[in-house]
Amino acid sequence: KVRHYKWEVKYEFKSPDCYRKLAITINGRTPGPSIIAQQGDTIVVELKNSLLTENVAIHWHGIRQIGTPWMDGTEGVTQCPILPGDTFFYKFVVDRPGTYLYHAHYGMQREAGLYGSIRVSLPDGETEPFSYDYDRSIILNDWYHLSAYEQAVGLSSIPFVWVGEPQSILIQGRGRFNCSRPGIGAGLCNATNPECAPYALTVVPGKTYRLRLASLTALSALSFEIEGHNMTVVEADGHYVEPFVVQNLFIYSGETYSVLIKADQNPTRNYWASTKIVSRNSTTPNGLAILNYYPNHPRRSPPTIPPIGPHWNDIAPRLAQSVAIKARPGFIHPPPQTSDRVIVMLNTQNRINGNVRWSINNVSFNLPHTPYLIAYKHNLLHTFEQRPPPDNYDSANHDIFSVAKNVNATTSNGAYRLKFNTTVDIILQNANTMNPNNSETHPWHLHGHDFWVLGYGTGKFDKVNDPKKYNLVDPIMKNTVPVHPYGWTALRFRADNPGVWAFHCHIESHFYMGMGVVFEEGVERVGKLPTSIMGCGDTRGHHSP
Ligand SMILES: O=C1O[C@H]([C@@H](O)CO)C(O)=C1O
């Protein structure tokens, strides 16, 4: 079945947390309309860019784009951006059931509200390995009052202007900024604006709900909980997991989870759902929503104080949740037992020509102006650095627990070329930032694939002994995974999807500051590229020296 969507992307004033901001909407909304489809459907999104003076591109997060690598929506990697006034047709197949996302993948536009959810159901006659009465999608996000432009300019300025902590946490597009704070311009913040009434999830007593939770935060790692209700985790990034019960769910930017909750508490009142920032010592108030037991009024405040959530600095429960997730018996995709190539990726914060940047093995990523996919197919190899980035770092001389002795790095837009159909291991190695006693959480997202998560560890990865502890029995497959502070995460994937694929930290400012890489695999097998993805850089044809 073909599902056709007609979207208009534009700037509009919105007040999702009561404070007026120039937001990017789709058909007047942020989050944008949900894509609801069935496995095997073809999605056609007719996207009109009405941003007046800004380009746009949309990435379909978790959709592998098998056979359509040019539809991945990653500006500079798989397509030229869509010009203002232009209409672009995204067309791709959703080949697997599960919970996915879409969002802007150009500059820092995601931060402005350009995102939404994708829900793919099973083919007729097939059933999930768990049951529930109702299905709801909830996007968690952090929200800034500065525009994407102001943020991006600050990040690339000297002196560096950091984006700082978000002003609010949004639950399904709604939050609450304190309008009575001094210094807020008249008319900018209105606590009675219905746009910022808390999100209410209405439940019928006794029923079970599947909540499809997704995080699209620009920066924050989150903990989500619902007062008095345990959650049973059943799906992660489109894969069924061995069910496990949590009181609070840690969720990182780019991840999706399905949890089951049962409306089995005292039905004469409502309950708080609360979202707290973890991993950073944030000043942002917790995001609040209401679990509304029908027939109580959805705006009726629960009689209790909202849950405070876990301590921001406590890594142990976050690591414990990461380690607890296992593939569900009967839905295990067994990983290859060996790999053909191991790429160790040291994650560092650096200084380059006075700018603060992030690097992998001391190389900070820059997007080229001619998208890689077109450059490879049309033999425009002069448009980017041909020297590949390194497969390792100088581990003998790098103490991951301290500020690096030399914080300098270089920039490059070189790509990793993977041999088609080989198995690749990636070790994400975290380290200290340029601030003493500080290491951050980075959620890494791979385009075009799912990977097996083979293991997590604390400290420096041991090439000899740590692989012996890999889970090769029931590792979960995901497309986004955290590397915890001062820790490492080991991934394995098959380079079996012809195309060029980004792999990057899903923190929007970090990718903007160079925290990513690009993989090319089997590009000679990619079919004829549509001309609609062209029009920038050397894809226009003639290039004068
Ligand atoms: O990239 C970053 O910059 C700031 C801080 O390190 C600047 O001092 C921060 O918290 C980041 O994640």
Side-chain angles (χ1 to χ4, degrees), residues 7-32 47-59 61 73-77 79-86 88 101-116 139-158 160-170 173 175 177 188 195 215-220 253-254 284 355-358 365-367 369 443 445 502 504-516 536:
W7 288 359
E8 185 180 17
V9 173
K10 64 173 195 248
Y11 271 109
E12 282 181 77
F13 289 115
K14 288 281 171 190
S15 306
D17 67 346
C18 309
Y19 188 95
R20 194 184 76 185
K21 159 167 175 160
L22 209 42
I24 303 182
T25 59
I26 299 174
N27 298 348
R29 293 159 57 183
T30 171
L47 188 107
K48 176 163 194 322
N49 177 4
S50 295
L51 292 178
L52 302 181
T53 63
E54 236 180 276
N55 299 326
V56 74
I58 295 189
H59 169 57
H61 181 116
T74 312
E75 185 274 333
V77 179
Q79 72 168 101
C80 290
I82 306 161
L83 296 175
D86 276 2
F88 185 91
L101 296 163
Y102 66 81
H103 60 78
H105 215 298
Y106 183 52
M108 290 181 66
Q109 285 176 338
R110 197 180 87 214
E111 182 269 345
L114 184 41
Y115 50 76
I139 295 185
L140 307 176
N141 187 28
D142 50 12
W143 190 250
Y144 287 87
H145 293 167
L146 282 191
S147 71
Y149 260 87
E150 288 167 295
Q151 294 200 2
V153 170
L155 294 173
S156 42
S157 291
I158 300 174
F160 176 64
V161 184
W162 173 237
V163 297
E165 293 303 312
Q167 278 64 55
S168 305
I169 300 292
L170 307 187
F177 186 71
L188 270 184
E195 280 180 45
S215 171
L216 276 174
T217 53
L219 174 69
S220 316
S253 182
T284 312
N355 288 302
V356 179
R357 300 278 302 181
W358 287 87
F365 181 72
N366 268 338
L367 279 164
H369 190 50
H445 172 59
H504 61 92
C505 176
H506 211 264
I507 292 175
E508 198 166 34
S509 50
H510 287 180
F511 180 52
Y512 188 77
M513 293 160 76
M515 199 171 203
C536 61

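Position 1 is the first residue of the sequence; numbering continues from there. Keep in mind it's a predicted model, so treat the numbers as computed, not measured.
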Atom OH of residue position Y11 - does it have more than 12 heavy atoms of other residues, nucleotides or ligands inside 6.0 Å?
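Yes, enclosed.
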
Nearest heavy-atom neighbours spanning [X] and [Y]:
X: S253; Y: L216; result: OG-C, 3.8 Å
X: V356; Y: M513; result: O-CE, 3.6 Å
X: A218; Y: Y144; result: CB-CE1, 4.0 Å
X: P16; Y: L170; result: CB-CD1, 4.0 Å
X: W7; Y: I26; result: CG-CG2, 3.4 Å

Side chains of [X] and [Y]: closer than 4.5 Å at any heavy-atom pair?
X: I24; Y: Y115; value: no
X: I139; Y: L101; value: yes
X: P81; Y: C536; value: yes
X: Q79; Y: F88; value: yes
X: L155; Y: S509; value: yes
X: V56; Y: L114; value: yes
X: L52; Y: P84; value: no
X: H103; Y: I58; value: no

Passes side-chain contact (heavy atoms from CB on, under 4.5 Å), F511 versus M108? Steps please.
CA-CA 9 Å; F511 180 52; M108 290 181 66; over 6 Å; no

Could you point out which residue of H105, H504, H445 forms a ring pair (Phe, Tyr, Trp, His ring centres under 6.0 Å) with H61?
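Only one of H105, H504, H445 forms a ring pair (Phe, Tyr, Trp, His ring centres under 6.0 Å) with H61, namely H445.
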
Cationic N near anionic O, under 4.0 Å, E111 to K21
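A salt bridge links E111 with K21.
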
Under the salt bridge (charged side-chain N to carboxylate O under 4.0 Å, His left out) test, which residues partner K14, sequence neighbours left out?
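Testing K14 for salt bridge (charged side-chain N to carboxylate O under 4.0 Å, His left out), a comparison that skips the adjacent residues, returns none.
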
Which residues pass the salt bridge (charged side-chain N to carboxylate O under 4.0 Å, His left out) test with E508, sequence neighbours left out?
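E508 satisfies salt bridge (charged side-chain N to carboxylate O under 4.0 Å, His left out) with no residue once adjacent residues are dropped.
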
Step by step, work out the ring-ring contact (aromatic ring centres under 6.0 Å, His included) result for Y512 and W358.
CA-CA 9 Å; Y512 188 77; W358 287 87; over 10 Å; no

[atom1]/[X] to [atom2]/[Y] distance, rounded to the nearest 0.5 angstrom?
X: L22; Y: E12; atom1: CG; atom2: CD; result: 9.5 Å
X: F177; Y: C18; atom1: CZ; atom2: SG; result: 10.0 Å
X: S15; Y: E195; atom1: OG; atom2: CD; result: 5.0 Å
X: Q167; Y: L146; atom1: CD; atom2: CG; result: 6.5 Å
X: K10; Y: L51; atom1: NZ; atom2: CG; result: 10.5 Å
X: S157; Y: W162; atom1: OG; atom2: CH2; result: 14.0 Å

May I have the step-by-step check of side-chain contact (heavy atoms from CB on, under 4.5 Å) for H369 and C80, ending in yes or no?
CA-CA 8 Å; H369 190 50; C80 290; over 6 Å; no

Residue pair T217, L140: steps toward the side-chain contact (heavy atoms from CB on, under 4.5 Å) verdict:
CA-CA 7 Å; T217 53; L140 307 176; 5.6 Å; no

Using modelled atom types only, decide if a donor and an acceptor are shared between the side chain of [X] and the backbone of [Y] within a distance under 3.5 Å.
X: S50; Y: E8; value: no
X: N49; Y: G85; value: no
X: R357; Y: S156; value: no
X: S147; Y: E150; value: yes
X: D142; Y: I169; value: no
X: T284; Y: P166; value: yes

Go through N55 and E75 one step at a time and tell me if the side-chain contact (heavy atoms from CB on, under 4.5 Å) criterion holds.
CA-CA 10 Å; N55 299 326; E75 185 274 333; over 6 Å; no

Angle class for the Y19/H145 ring planes (parallel below 30°, perpendicular above 60°, tilted otherwise)?
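Rings of Y19 and H145: parallel, under 30°.
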
